[in-house]
Every structure is written in C-alpha cells, then in structure tokens.
2 protein chains.
Amino acid sequence: MNLKELSSILGLSQTTVSRALNGYPEVSEETRRRVKAAARDNNYRPNPRAMGLATGRTRTIGHVIPVSTQHEIVNPIFADFIAGAGEVYARNDYDMLLSVVADVDEERIYRQLASRGSVDGVIVHGPRENDPRVALLQEVGLPFVVHGRAGAGDGAYSWVDVNNRHAFERATNFLIDLGHDRIALINGVETMDFARRRREGFLKAMKGRGLHPDASLMRSEEMTEFYGYRVAREMLMAPAPPTAFLISSMITAIGVRRAVEDLGMKLGREVSVVIHDDELSYLRNGEDIPIFSATRSSVRSAGQLCADMLLDIIRQPGQPPRQRLLEAELTVGLSTAPAPKIETARRAERR
Amino acid sequence: MNLKELSSILGLSQTTVSRALNGYPEVSEETRRRVKAAARDNNYRPNPRAMGLATGRTRTIGHVIPVSTQHEIVNPIFADFIAGAGEVYARNDYDMLLSVVADVDEERIYRQLASRGSVDGVIVHGPRENDPRVALLQEVGLPFVVHGRAGAGDGAYSWVDVNNRHAFERATNFLIDLGHDRIALINGVETMDFARRRREGFLKAMKGRGLHPDASLMRSEEMTEFYGYRVAREMLMAPAPPTAFLISSMITAIGVRRAVEDLGMKLGREVSVVIHDDELSYLRNGEDIPIFSATRSSVRSAGQLCADMLLDIIRQPGQPPRQRLLEAELTVGLSTAPAPKIETARRAERR
DNA sequence: GACAGCAACCAAAGCGCTTTGGATTGATTC
DNA sequence: GAATCAATCCAAAGCGCTTTGGTTGCTGTC
C-alpha cells in the first residue's frame, strides 16, 4: 500500500493525503480524520526511503562503535548504552544505524555517513583526549552528541558525561576516611578521556589529604578481568602492598577479587575495593547489598539522555551546544572496611 | 556530488555512468575506466536512499535485539556477535539497522521491517522453543538467518548454532570421569532453545552413566552473577551438596565462585566447575591457562558466519535453507579437579 | 457587483538513482 | 550495396514520497 493507492481509495490527491497525515493545517479536520482512519485500516506505512529522498532527512541516527585494534575488545558498556538509546529512538520513530569499525578506520566512516547522508546525526562513543572526531563532525556539519567528553573546549559541542573526576575524588576520600593510605588505582587506558579524569580525581584527593600517590600503584590498561588479576596479584605480593584498590570497572574488579582470594585474603577485610559501576544489566552489583562499594551511574540512562539530546538538536538546529553532567552516587557495599590495624601498626613501627 | 553532476562532468548520460559503475557489460572498458576514475576523484558516492527506492533493495540488514521485559536484561553476548557480523557487513558494503525491542513487541517490529522494506534481511537473536518469528518471517518472505535454533523443523530455515547438546554431554562426561556424581546444572532460562539443548545433553550423559540427576540441583534462570551466587550458596549449604557445577555462562560462574569462596572453599579443589565460554572479548577466560574449564565457541565468529550466510541467501534467493552446526571445544582449566575423596568416603559410609 | 481573503483541495515537479526501450554507429555478411 | 548485428550510448519513465505554486468556490466588505 503506497500513497498513490491510498489516495485513490480516498478519492483525494496525494498532496492532501500526505498533508493530512503529516499534520499540516491546510486540510479540514473532517478530511484528516477520514484519511487517518483509512491509513490505519489499510495498514499504510510511508516508505522511509522515499520520505528520506524527498525531505533529505532520514529519521536515522548513526552509532559508530570502535573496536580496539590491538585487543579486539568491544566495550562492554555498549550493549546497555544502546538499549537506552534504542528505547528513545523507538518512541520517536527513529532508526539506529550501527557501524562496527576498527578504531583506525573511524574517520573514514564518519565522513562516509555525512557525505552519503545516511543519518541525521550521530552519537560519538568512547571519546579520547582531543578526539579528532569532534572537529570532523563540526566540519561536515553533522549533528552529534558525545557520550563522555573529548578533553578541552567542553562548551563547544554537546555531550552527556558522568562527573568522573568528582566521583573518583569522593571514592578516594572515602577510602582515606577509612584509614587507607596505600591506595592503588587500577584505571582504564588513560588516553580515554574518562580514565584521565578519574586519575585526576584520585590524585586530587590524595594530595588534598597529604598523601603521596605511589607510581607503582597506578596502572592503566584495557579493563579486562585478567588485567585486574595480574596487577592485583603483583601489587599484593610486593613488599609494600596496598590496602585498598580503586578500580575503573567491575570486570577488572572481579579479577582483583580472584587475586585477593587466591592469596588467601578476603575482600572487605584485609583488602578494600571501590569500583565504578555502570549498572550493566547483565552484571548487576549484587541485589540488595552491593557486592562492591561503588560510584554508580547508569550507562543505560546515559544512552537515553544522549539520544534525547540528539533528537532535540536535530529538531531545533542552530541552538548553542548542550551539556549534561551527571553525578555518580557513592554506594557502600561489602568490599570496603577500615584499613587493617596490623598494617597501621607495622607502618608505625617502621618510622 | 550526484549522478547528474558526475555524468555532465564526463559528458555522458546518467545511464552510462550508472552502468559503468555497476559493472554492466554494455559499456566499453575505456569508458568504464574514465568513469571510475572520475567517481573517485570527485568523491562520488551514490545516495543509498535513492538506490533503495529505485531497486527495492537497501543493502541493510536488520538486527532486532530483544530486551527481557521482566529483568530488562540485554544479552551480554550481543556486543561481540554484532562485532563479528559488523565486520562482514563493512567488507560487503552493507549497513546494519538495529532495533532494541521489549520482547513482547517483537512481532510488530518484524512486520514493520518487512512491510516498510527497510531491510533486505534479518538476523534472529535469542530463539526460543517454537519461536513464532520463524513462521512470521517465512510468511512475509523476508530472508533471515537464526543465531541458534528454534526447536523442531531444523531443516526448514537457515541457522548457525553451536552443538549445545553435545557440548554439555561431553562436559558432563568429563566431570563424571573425574569421579563426580553429584553434579549441579546451573542453566539459563529453559524456554530458550540453547538452554533446553544443554539440559538434554546433561541428562543424556548422566543417564548414560547410570546417574540420577537430582532435581534440586538443576536450576534455570536468567544468567546473572547473583543467580550463580545465590543458587550455589544454597546448594552448597544443603545436606547433600554437589561436588561439581555445570554452568551456562561465565558471568553466572563468577557468582558461583564467589559463593564457593565465601564458604571457605576453593574452585578446582573442593568444588569443580565447567562453564560454557562464548569467548567474549571483554570477559576472556584467563590468558594462557583458562580460569574455568569450559566448552568453548566464539560468539564473534558465529556473528560472522550468520552474516555471511545471510548475504549469500540474499544474493542467491530460491536456494534451500542452509545450516551450520559448530562443535564447541572442551578446554581444561583451573576450575576442575577429581571429586574430593572425603565425599566419596562419606558417601560410602552412608551405605 | 467587484474584489479581497480564506479554506480546502490539486497537478506536477523534484529528490537521486535504476532500467526499459530505443537510437546510432561501424563492421560483417551475402 | 543492402541487410544484419554487435557494441555503445542515451532519453525518459519510474521508485514513493514532499512541496511548490497553483485553482476553486465561498464569504464578507465597500
């Protein structure tokens, strides 16, 4: 069923039927009702390609998800983010176009999306420091929202981000308040903007409390389980082990826990851990009581916010860029406890 | 730059340029070269919407990913599957259209995709027993490949699946060979086809070896970490605890390990575990030595296979349906050991 | 009674491509 | 030398929609 058929059934012109369906005023209410009823009865759906051709708009949003070339890792938060954004698209009758791309090919893909006009806008995933994609998208004039931030010049583009700096500053202070002073930071790759900010927050709190961050206790790698295991094992077996870990990802924290338990210790007793929890649907942080104490912020709702913001920008172009900074909750779970006394004693002894 | 402009630059008709670019024979090789060079130089890209309108084909594959309504869980294998399929699409210049849909809305979405003609084919994710989507897609005549199987009538449609039954049969036999006879099955939701088959494999092995599967040791739920924790804890504290667990997902196994260690035991000593490992990029099963003994099959390469198969079906319609059954590897890791002697002794005592 | 103004409708062009049904050439055949 | 044929090329229709630039008929105004 297409417009032509529908309008001939109704004995109206295509123009009138199109206008009736799209809410234009130069059509009587009576006619509009008739048209809408007929459209429903005949199960008429406008062909999106034809609509796109005629209008230049596509009702499609592009998501380019980068796959790390070295490790072939797909970001685990991606599925939940997409689920959040997808809900919004479904509600607003938009489609989502996905390109999975080796990170080196990204620029080409973005240019292609823009020049082909296959999408009305894009969401930028996994921004790095001074990410070139921001300038690129501004240059080609494609509306976009960044999930996260891309370094300096925050005001020049639209983004939705968690206040990573503040979250990790608070988490660090929380550990210090519990008496910990040897705190390890198990971070993600620090070319990623979010990881850099988390490190800043950690350092700010440490210095603010007069503590010297130990370089050997700060690591930055792709956030796998094995990374957590390896690094934690190494640190805990070293002469001056940490008593607490601040960990960028739940998956890495699972590796840390494995190392801790392999060495015959217990989380939330000899060793404390605070993680950042993205509230991934398939990896919930416990049920009633969180397994890990955590800074918490739902990646799924970030997906919703990004999508909503982008649709808004597309609907009303020419506005100043928009930003949304989310504060993470700090939730206490089973993985934190006061720094062990023995340690304190031993350290006092050394002085 | 569009066809019209390009052809006027070349002094040729749109027809000829179009034919030259699309490899039709009625164009001289000399002209074809000129046209291709000009297209490259002018960075010409055909507008996919216009192409779609004219041909009825869209070079787009639909992926409908269901989100469980009860638990709002996005399947964790999804990201890696998509990465695999996405590679294939990129290579073949196809796009991927993603719809995230509450499982109750699925039928509507599939019908919409078909009637709007927004995709040339779809991949069916997470098939359930006697999944209605198979009949639906056959009815509307949209090419499709199922990732997994949808119960009976395997020969009537195209699919790519792991031999779940055989994998779990082997895994069970492996545990029995190690002397285990109280083996727990921590399965996924058994309305899912894959989970049902795994259960069958488990039961077949048990019965084949003269063991009576204990109903209280067989569970079936959404595969979260907490599910593993809760169920394992419960089973291990019961009067007749299992000595081994067969677990459908790595994430659930992580919960099981947590329970085991909470109770002061060790995996690969008092308690053995075999999992199914989908080789998720962000959740590798250890580095050199697998953390968990596992039946292993890469979900990413399943994504590639599904996509390749679907593109093939689209290119050459009218062929009989195609199937691909993958055998999982059985890899031995740190989580399995012979059944503890004490148990054997205690059991002997009871007789 | 002429005219403006308005509400309601429509014909046809246009979006950028493919494809049908020729047209034009030069070579080949008898 | 006329007819045939293959090789190239082209004009124009068509895909299904939106939108421009109307037309038509009616009401109200002076």
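Remember, it's a predicted structure, so these values are computed and weren't measured experimentally. Lettering of chains follows the sequences in order, A, B, ..., and the numbering in each one begins at 1.
A search for side chain to side chain donor-acceptor pair (under 3.5 Å) contacts involving N92(A) returns nothing, not counting sequence neighbours. Residues satisfying the side-chain contact (heavy atoms from CB on, under 4.5 Å) test with R59(B), not counting sequence neighbours, are M51(B), D93(B), Y94(B). Among residues two or more places apart in sequence or in another chain, the side chain to side chain donor-acceptor pair (under 3.5 Å) test is passed with R300(A) by E87(A). With sequence neighbours excluded, the residues forming a side-chain contact (heavy atoms from CB on, under 4.5 Å) with R40(B) are A37(B), listed by chain and number. The side-chain contact (heavy atoms from CB on, under 4.5 Å) test applied to Q138(A) returns V134(A), F144(A), A156(A), Y157(A), not counting sequence neighbours. D131(B) pairs by the side-chain contact (heavy atoms from CB on, under 4.5 Å) definition with P127(B), R128(B), R133(B), A150(B), not counting sequence neighbours. Residues passing the side chain to side chain donor-acceptor pair (under 3.5 Å) test with T15(B), sequence neighbours excluded: none. By the ring pair (Phe, Tyr, Trp, His ring centres under 6.0 Å) test, H63(A) pairs with Y89(A), H125(A), sequence neighbours left out.
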Could you give the side-chain donor-acceptor pairs of residues 307-317 of chain B under 3.5 Å, partners two or more places apart or in another chain?
residue	atom	partner	partner atom	Å
D312(B)	OD2	R322(B)	NH1	3.0

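Looking at residues 21-34 of chain A, you'll see N22(A), Y24(A) sit with a heavy atom under 4.0 Å from some atom of DNA chain D.
Nucleotides of DNA chain C lying under 4.0 Å from heavy atoms of chain A occupy a range whose first and last members, 5' to 3', are dA8(C) to dG16(C).
Residue T16(B) places at least one side-chain N or O under 4.0 Å from the OP1 or OP2 atom of dC10(D).
In terms of position on DNA chain D, the residue among T55(B) and V17(B) whose nearest nucleotide sits closer to the 5' end is V17(B). DNA chain D is contacted by both R19(B) and Y44(A); R19(B) maps to the nucleotide lying nearer its 5′ end (nearest heavy atom per residue).
The terminal axes of the helix from dG1(C)-dC30(D) to dC30(C)-dG1(D), fitted over 5 pairs per end, subtend an angle of 60° to the nearest 10°.
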Would you sort out whether E30(A) and R34(A) count as a salt bridge (charged side-chain N to carboxylate O under 4.0 Å, His left out), showing the intermediate values? CA-CA 6 Å; E30(A) 156 68 18; R34(A) 262 184 63 219; 5.4 Å; no
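Using a 4.0 Å heavy-atom cutoff across all strands shown, G11(B) reaches sugar-phosphate atoms only and no base atom.
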